[in-house]
Protein chains: 2
Amino acid sequence: MAVSEQGLTFSPEIEARLEKAARLCSEQGTTLTPLRREVLGLVLSSDQPIGAYALLDHLRRTRAGAAPPTVYRALDFLRERGFVHKVERLNAFVGCPSAADHVGHDHGHAVQFLICTRCGRVTETEDEAIIAAVAQAAERHGFRQMRATVEIEGLCRACAG
Amino acid sequence: MAVSEQGLTFSPEIEARLEKAARLCSEQGTTLTPLRREVLGLVLSSDQPIGAYALLDHLRRTRAGAAPPTVYRALDFLRERGFVHKVERLNAFVGCPSAADHVGHDHGHAVQFLICTRCGRVTETEDEAIIAAVAQAAERHGFRQMRATVEIEGLCRACAG
DNA sequence: CTCGCTCATGTTATAAGATAACATGTCCGG
DNA sequence: CCGGACATGTTATCTTATAACATGAGCGAG
Ligand SMILES: [Zn+2]
Ligand SMILES: [Zn+2]
Ligand SMILES: [Zn+2]
Ligand SMILES: [Zn+2]
């Protein structure tokens with residue numbers, strides 16, 4: 001992405017997603033501020049999960065005063081709205097490919113990640129069979145499930161050869 | 001647990017599990033050293049997942065020189081042998097209730113945790129339906145799965161009331 | 001016996017991830 | 001003009017984890 005007076009500029013596809021996110025936010029009465037927009041753009045521009053401090057390094061190109069709370073607060077906002085997910089195994093963040101579909105309601109409780117340990121790429125899925133199996137297992141234990149973290153590690157098709 | 005000249009002493013049930021673990025180690029040609037034994041005992045004595053630095057605090061009662069690597073190395077050893085698992089959501093460690101069953105081969109790739117967000121207790125399960133659903137989802141994506149982290153959060157039977 | 005290897009641990013330092021607490025500034029309605 | 005809501009700035013600290021190098025016990029080859 002490029003640096004301009006207005007902050008970072010991203011690829012056309014990502015700019016389009018940012019526009020959409022901005023629209024969704026204003027429909028909810030919230031704001032995708034320039035800071036939040038930049039953080040989301042950076043996450044979406046990464047082809048791998050990106051850590052908070054890597055985001056911070058990028059942010060500092062345009063925002064001298066950026067500090068950890070700067071990026072964590074933006075990430076909190078974006079995660080609450082389902083634009084971004086955290087991959088627990090990696091302590092890193094990915095953009096949600098279907099953020100527009102579930103409009104502002106975080107589906108993070110029903111998502112699974114496929115993490116390639118070779119190329120580092122992460123694929124998001126929403127697998128009904130896994131969701132059902134998890135719900136049943138929880139029920140069988142008398143457990144009132146709120147959310148589930150499902151992160152599958154291995155080799156992606158390309159890397160498995 | 002009590003502190004003696006020999007290090008920490010645990011409850012009889014836990015001492016029995018430590019004995020068993022020691023036997024399993026020596027069958028594999030490894031050693032459950034006093035340090036590793038203490039760390040395992042501390043993990044088993046906790047009714048909740050315990051963090052590395054909490055373990056470290058306990059350890060220092062008997063080992064003045066204990067430092068982060070002391071506990072992380074012991075945990076690495078114990079995890080490799082399946083005596084201990086890490087709960088990723090909590091960055092904390094739990095004892096494996098079935099460590100003796102799978103003798104030295106870490107089943108951590110096929111385990112699920114039920115985490116109660118109220119009382120903090122964690123239950124380990126090995127649910128075939130979840131394992132199968134995860135394997136199928138991976139396969140459908142052309143993904144060669146190595147392991148899966150499945151951590152379910154909610155309220156346990158007691159806490160759900 | 002002693003050299004050199006392996007393994008376990010000690011020791012020091014730092015990296016990496018996350019949050020607490022308080023300050024500042026903008027916007028907007030009353 | 002005041003006061004509250006919200007976003008961000010700022011400083012400090014906390015938690016989690018690893019890197020890198022040092023020490024020392026135990027053991028087998030020669
Ligand atoms: Zn998503
Ligand atoms: Zn790959
Ligand atoms: Zn287990
Ligand atoms: Zn509970």
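Below, read A as the first sequence line, B as the second, and so on, with proteins coming before strands; counting in each chain starts at 1. In what follows, every heavy atom counts, from backbone to side chain, and hydrogens, waters and symmetry copies are set aside. Please read all numbers here as calculations on a predicted model, not as lab measurements.
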Seminar exercise, completed: From CD of A:E80 across to P of D:dA7 the rounded distance in Å is 10 Å
Seminar exercise, completed: Separation of D:dC6 atom C1' from A:L35 atom CG, nearest Å, is 13 Å
For this session: Verify, without hydrogens or angle tests, whether A:T62 (side chain) and A:L59 (backbone) share a donor-acceptor contact under 3.5 angstrom.
Result: yes
Exercise. Which letters describe nucleotides 13-20 of chain D, given B = protein heavy atom under 4.0 Å from base, S = only from sugar-phosphate, - = neither?
Worked result: ---BBBBB
Exercise. Is it true that B:E15 and B:R37 have a side-chain N and a carboxylate O under 4.0 angstrom from each other?
Worked result: yes
Exercise. Of all the nucleotides listed (C:dT11, D:dG9, C:dT9), which has the minimum atom distance to the side chain of B:T70?
Worked result: C:dT11
For this session: Return the value, rounded to whole Å, for the distance between atom CZ of B:R63 and atom C1' of C:dG10.
Result: 11 Å
Problem set entry | Between C1' of C:dA8 and CZ of B:R36, the distance in whole Å | 6 Å
Problem set entry | Polar side-chain atom of B:S26 near backbone of B:R23 as donor-acceptor pair, under 3.5 Å | yes
Exercise. Does a side chain donor of either B:E153 or B:T117 reach within less than 3.5 Å of an acceptor in the other side chain?
Worked result: no
Exercise. Between B:T33 and C:dT9, does any side-chain N or O lie under 4.0 Å from OP1 or OP2?
Worked result: yes
For this session: Take the protein atom CG of B:L59 and the nucleotide atom P of C:dT9, then report the distance between them rounded to whole Å.
Result: 11 Å
Exercise. Relative to A:F77, does A:R81 satisfy both conditions: NZ or CZ under 6.0 angstrom from the six-membered ring centre, and within 45 degrees of the ring's axis?
Worked result: yes
Exercise. Going by an N to O cut-off under 4.0 Å, is there a salt bridge joining B:E88 and A:R89?
Worked result: yes
Exercise. How close or far is atom P of C:dA18 from atom CD1 of A:I50, stated in whole angstroms?
Worked result: 13 Å
For this session: Measure the distance from CG on A:L55 to P on C:dA16 and round it to the nearest whole Å.
Result: 15 Å
